[in-house]
Every structure is written in structure tokens, then in C-alpha cells.
Amino acid sequence: MPRELLIQALSDALSQAQSAGDLPESPSPEVDLQTPRDPRHGDFSTSLAMVVASETGRPPREVADTLVRHLDLPEGLAESVNIAGPGFINFVLSPTWLRRLVRRVLEEGEDYGRSDTGRGQRLLLEFVSANPTGPIAVVQGRAGALGDALARLFERTGWIVSREYCVNDALNSTRVQRFAETLEARYLQQLGRQAAVPEDGYQGDYVIDMAEQLVAAEGDKYLGMARDERLAALTEYSLQKIVADQQRDMADFGVTFDTWFMESTLYDDDEVSQAVETLNAAGHTYEADGALWLKATAFGDEQDHVLIRKDGRPTYLAGDIAYHKNKFDRGFDRLIDIWGPDHQGHVRRTRAGVQAIGYDPSRFEILIHQIVRLFRGSEMVRMSKRAGDIVPLSGLIEDVGADAARFFFLMQSMESHLDFDLELAKKRAADNPVYYVQYAHARICSILREAADRGVSLPNISDADLDRLGEPDELALMRKLADLPHEVSEAAQRYEPHRMTRYARELAATFHGFYTNCRVLSDDTELTAARLALVQAALTVLRIVLTIIGVSAPEKM
RNA sequence: GCGCCAGUAGCUCAGUGGAUUAGAGCACCAGACUUCGGAUCUGGGGGUCGGGGGUUCAAAUCCUCCCUGGCGCGCCA
């Protein structure tokens, strides 16, 4: 790939200039290669000379001149190298190299842009992991879109990725208990009994729906039970039902998991108490106020936290430490969790716990995505499940479709708040950028169909003389195709899947521009074959990107 | 009070040290096709990058103080 080749060549040029005595010795800076905003500044540009200049006290343009003199570029890579402005070195890729790239995309197909930076290491990506107390909400859809895209990005950069959803089904969980009590109240109400939803229960109407279904399926069979027995039965029923619904919600969104991890298994297998035992033995705990505490402050947290409550029940933190130990013990080289904004306060203590129990914190990353705020017109919709007005992901999918929802969730960086106007998204579905990208795909498919109808066959395309490609719009499209590998590795490395939606839009725009100015099917059979080859390459790359972001690639719209 | 995130064009957002004019989409205005899909393309207007100070050859980007908004701060999850 040109980027890597240029960085290598520049770095070599610097050391050669130094050993030849043309430049004073100085700490070698990392070569910063950027793609200039202004295309007149070339395809790639580096500020290396300015950095070296400031370290050595030489004039930047003179340093740039020296570097270029020592530069030994691979044959056919660059058309021109020049020094500009205060001391930038600009590179223009040669058309020859770009034509070779088209050939390469066609040869590699779906594998184009893969890299092996992960070297087959195993990554466990945990995301969504909603509490089993209601349907998947819109904000968790954002986590689903992010996690799925990130998983694909890591897969394309050489990692073996496992996707995991953790179900917090531990029976000592207050939330689970409160939910069972809520369902009990709704159930009794359905049967005409006096009952009230607990103060801190779940106000959402979906619990009423669940109670209705429960009555329809099981009648009044829970009525005669003792309260403890009834709550236990309802807990089991609601866990099973809600998890099944969550699985369906995620599947409808096109997000699938390798593992639905049941938190309760950590308790069944005694892993939580073993984890606490390990922490005790390592001296990272102490007793106070009748509870057992983790010395999180010894690992960079601002305060210590309780592991075992006064009444002997472990806290969520204890369970989470055991859970992450379990993940590492399954042999994963690296863990990434994607959490919602309401868990931001847990990042430090969880990292502290994982470190305390003996794992290298650099192998464990917690990514926090920000909230999704829903608007109906100008009115903001509250999303707390506990307040009752939960907006389920399934409703959003019905409104705008899974493709638009996924694209939208990935359009901005995860640390930005996302304002989603339901009315707007519904009313102007045709304006959604996802259609712009999908249209480019459908358009290419249409050209290829038309070509087939006219009897232009694909073997001709692979034999095409790509030297016929040289129009500005053709070169622009080739350059955009050349960007994919770098875009993918940047998006993965920086945990920024939103780069892919931007790239998708740019690629579509570049294609639409090409389409407008360069007629593909014409009487010139050689040119037709060459352009078909380019179009085929664009199709390949577009499909790769749409696959990564989890949006369908329709052949007709 | 403390912590995290955000504040960039009318709106939604990119851009985390680089190039006289800070980008994109939407919206608005003006244009483009007798041939491969007009869900397209071309051009235009529109911004004291929340504010002050600092570091640097170079700051939307780094440091610092302040302002505004969101989220979190439990022996809940």
C-alpha cells in the first residue's frame, strides 16, 4: 500500500541523509503522512522536514530538499514529489500505480483491504448486555451497531473476534427481583386483584403486555402459590421470556452474538467467591463497616468499593471482576467492552479490579458511547426504563428500517451525543444518506446488468487494458479505492467505526461523479472493458464497506 | 462539589498540531440529461471553531481558567 511504502521511504531517506552527513543527527521523529485537504497538494503529504528542521535548527525547505535528494521510491509509485509551502513534501501517485491497484482489487475481491496486524490473536468484544428487565432500547441499538461494526473491522485486520452479550440474570440482583415484583403486580391486576407496582419497579407498559400474555398462556396458575414460590416462578418466566425477546430484537437488527453469557453461571460455579478469595489472598481487600472492600485506590481509582455487602451478598463489581477473569481464562488475548454512558462511573473500578486480580490492564479496554436522545418533533422523549417511557429498538426499526438505523448510529463518533428525530427520520427516509450509498451500489449493478445484456462478458474485463483509464474522475475513483485499507485499519485501531460511514459516502460521491462524466458502456470496446473493470472494483469496495457497517447492498431499489 | 462527554455554517455533524479561502450532508438559491437508473451531478450564499489566557515556526486540535448542556457520582444494576 502506498502509505506504508512512502513512510518507509521517508524514514530511510532521513537516516541516509544523516549517515551521509547531510543532516545533523537528531532523534528520528515518527513520519507523519497525511492526505491533504486540497487535492492540489497531492495525494499524500508529510511535515517531516519541518519537524526535523525545528529539532536541528536548519531551514525547513533546505531540510526538505535534502530529504528528497535521498529519497528512493519504489518504481512506478509516485508521479511527482515536490516541496511546497513552508516545507511540506507532497506526493502525487502515478496513474500506473493506480491502475495496478484496480487489478489488485479485482484479484483480491472481498479480501481487498485485509491486513494482519492482529496476527490471529483472539479478541472478545462484549457489547449491548442490556439488563433482562425489558426490550432492547434504542440506545442499546447504538451499542449493537457500534459493536458489530467494530467486530468486523477487527476481523478484517487479522483478529479472531468473539462477540458476547452478557445477561445479568443473577438471582441476587435487585433489578431482577424488582422486575419480578412488578410483573407479579401487573399479573394480579390482570386477574382483578388489588396490587401495586413497587415504588422502584418498572412503570413501562410493556410489563402490562407481558402480564396479559402470561394470563393468556398460564391462566391463574400462579394465584394460589405462596408469595416466595410465585416470585421465583415469575422470575424464571420473565428471564426466559425477556432474553428470548432481546435475542429476537438483536437478530432483527442484524446483530448476532457468538455467546450469550449468563452471569448466573459465575455464581453457580462459585467463580465470584473464588475471585474474591484471590483478591483477599493478594491483599487487595479489607473489611470495614461489616463489608469487604476492594482497595481500588491502589490501582488508580479515586475511592474504594464494596465487594461483599454487610449481608454477605456480593456486589455487581465482584461479579464483574469474576466475569472478566472468566473472559481472560477462556484464553482471549484482548478484551473490549462497549458500555453505555450510565456506566461511565464503573470504568475505573472495573479496570482496578481486573488489574488487582492479576491481569494486564493494557489488554482490556472499556469504550463508552454516549446517549441517544430521541425527539418527536421538538419534544424530547425520555428513555429511562424505570421512568417507563422506554422506546424500543424494534419500534425504531419499524419506523425507519434497520439499514437506516444502523447507518445513522454509525454516522457520528461514539463519544458524541446522538439526537435522533423520529418524525424526521420517518418522514424523510428518502433523504437519509444510507440511500445515497445504496443507490451507488444499485447503479453499479444496473450498469453490469446492462453490460451483460449487451454481451460484454466479464473475461473481457479482466483482460482489459487499464491504460485507457486516465480521466480525472477515473483517477479520483481509483484513489478512493486505494484508501480503503488505511481507512479500515485506522477505524479499527482508533475504535472509530463512524469513519466507515464517512468513507462510504465519499466513495459513493466519487462514483456518482465518475458516472456523470464518464460513460461506461460505449462503442469503444476497449474503453468499455477498462471502465467496467473499474466499476467492478468500485462495486467490490462498496460491498466491503457496507458489510462492515452492517447495511444491505441492494442490487435494485 | 467531584468525574466523564459535548459546545465548529440555519440544522445534524466531520476534522486531536500543519498549507493565503476551517469541511460534509440537510435546508436555501441558481444551473445540468434526446444514450449505462435524476434516489444523480455542477455552482453559490452562509462560520469571532462557547469565552479568556498560555505553549509552538504553526492551535478547532495541546495546557490552564471560566461559561453552557448531557450523563454519572449507592453495601442498585
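Convention: sequence-line order gives letters A, B, ...; per-chain numbering from 1.
Separation of the C1' atoms belonging to B:U56 and B:C62 is 10 Å when rounded to the nearest angstrom. Atom P of B:A24 sits at a distance of 34 Å from the matching atom of B:C4, rounded to the whole Å. Spacing of P atoms, B:C49 relative to B:A19, comes out at 15 Å, to the nearest Å. Spacing of P atoms, B:G50 relative to B:G15, comes out at 14 Å, to the nearest Å. Only the C1' atoms considered, B:U42 is 40 Å distant from B:U68, to the nearest whole Å.
Checking the phosphate oxygens (OP1, OP2) of B:U42, no side-chain nitrogen or oxygen of A:T516 falls inside 4.0 Å. Phosphate contact (OP1/OP2 of B:C71, side-chain N/O of A:Q344, threshold under 4.0 Å): absent. Contact annotation: A:R309 side-chain N/O to B:A77 OP1/OP2 distance is under 4.0 Å. Side-chain nitrogen and oxygen atoms of A:R443 include at least one within less than 4.0 Å of the OP1 or OP2 phosphate oxygen of B:G38. A sub-4.0 Å separation between OP1 or OP2 of B:C41 and a side-chain N or O of A:Y439 is absent. The side chain of A:S416 places an N or O atom within less than 4.0 Å of a non-bridging phosphate oxygen (OP1 or OP2) of B:A14.
Residues A:E496 and A:E490 fail the side-chain proximity criterion, which asks for heavy atoms closer than 4.5 Å. Counting only heavy atoms from C-beta outward, the side chains of A:D524 and A:R468 approach each other to under 4.5 Å. Looking at heavy atoms from C-beta onward, A:D169 lies out of side-chain contact with A:V243 at the 4.5 angstrom threshold.
A straight line from CZ of A:R499 to P of B:G23 spans 18 Å, rounded to a whole angstrom. Between the P atom of B:A77 and the CD1 atom of A:I242 lies a distance of 17 Å, rounded to the nearest Å. In this structure, CZ of A:F179 is placed 14 Å from C1' of B:A77, rounded to the nearest angstrom. Look at CG on A:D200: it is 13 Å from C1' on B:G74, rounded to the nearest Å. As rounded to whole Å, 13 Å separates atom C1' of B:A24 from atom NE2 of A:H498. Counting to the nearest Å, the P atom of B:U12 and the CG atom of A:D419 are 7 Å from each other. Going from atom CZ of A:R505 over to atom P of B:C41 covers 13 Å, rounded to whole Å. Summarising the geometry, the separation between CZ on A:F408 and P on B:G25 is reported as 16 Å, rounded to the nearest angstrom.
The side-chain tip of A:R443 points at the ring of A:Y515 from less than 6.0 angstrom away and within 45° of straight on. Judged by the 6.0 Å distance and 45° axis criteria, A:K327 is positioned over the aromatic ring of A:Y323.
Closest approach to the A:Y316 side chain among B:G69, B:A77, B:C13 is made by B:A77 (side chain taken as heavy atoms from C-beta onward). If you check B:A14, B:C73, B:G3 against the side chain of A:Q303, the one that comes closest is B:C73. Nearest nucleotide to the A:A442 side chain, out of B:G37, B:C4, B:C71: B:G37. Among the nucleotides B:A39, B:C76, B:C36, the one closest to any side-chain atom of A:T174 is B:C76. Of the candidates B:U12, B:G18, B:G69, the closest approach to any side-chain atom of A:R373 belongs to B:G69. Residue A:A291 has its side chain nearest to B:C75 when only B:A39, B:G70, B:C75 are considered. Listed nucleotides: B:C41, B:U16, B:G37. Nearest to the side chain of A:E415: B:U16. Of the candidate nucleotides B:A77, B:A14, B:C5, B:A77 has the atom lying nearest to any side-chain atom of A:R175.
The side chain to side chain donor-acceptor pair (under 3.5 Å) check on A:S45 picks up A:N90, with sequence neighbours excluded.
Aromatic ring centres of A:Y439 and A:H512: separated by under 6.0 Å.
Ring pair A:Y165/A:W260 is parallel by interplanar angle, where below 30° counts as parallel and above 60° as perpendicular.
A donor-acceptor pair shorter than 3.5 Å cannot be found between the side chains of A:D320 and A:H346.
B:A19 has its base stacked against the ring of A:F88, the centroids being under 5.5 angstrom apart at an interplanar angle below 30°. Applying the 5.5 angstrom centroid cut-off and the 30 degree plane-angle cut-off, the aromatic ring of A:Y515 is stacked upon the base of B:C36.
For A:R519 and B:U35, a side-chain-to-base donor-acceptor distance below 3.5 Å is present, hydrogens and geometry of angles not being considered.
A:N90 comes within 4.0 angstrom of a base, heavy atoms only.
Counting only Watson-Crick and G-U wobble pairs whose two key distances fall under 3.5 Å, RNA chain B forms stems of three or more stacked pairs at B:1-7 with B:67-73, B:10-13 with B:23-26, B:28-32 with B:40-44, B:50-54 with B:62-66.
Heavy-atom nearest nucleotides on RNA chain B were determined for A:E302 and for A:D311, and the one closer to the 5' end corresponds to A:E302. Each of A:F514 and A:N517 was assigned the nucleotide of RNA chain B with the nearest heavy atom; the assignment lying further toward the 5' end belongs to A:F514.
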Item to check | A:D403 and A:Q438: CA distance, side-chain angles, deciding distance, side-chain hydrogen bond (donor to acceptor under 3.5 Å, both in side chains) verdict | outcome: CA-CA 10 Å; A:D403 281 344; A:Q438 289 181 319; 3.0 Å; yes
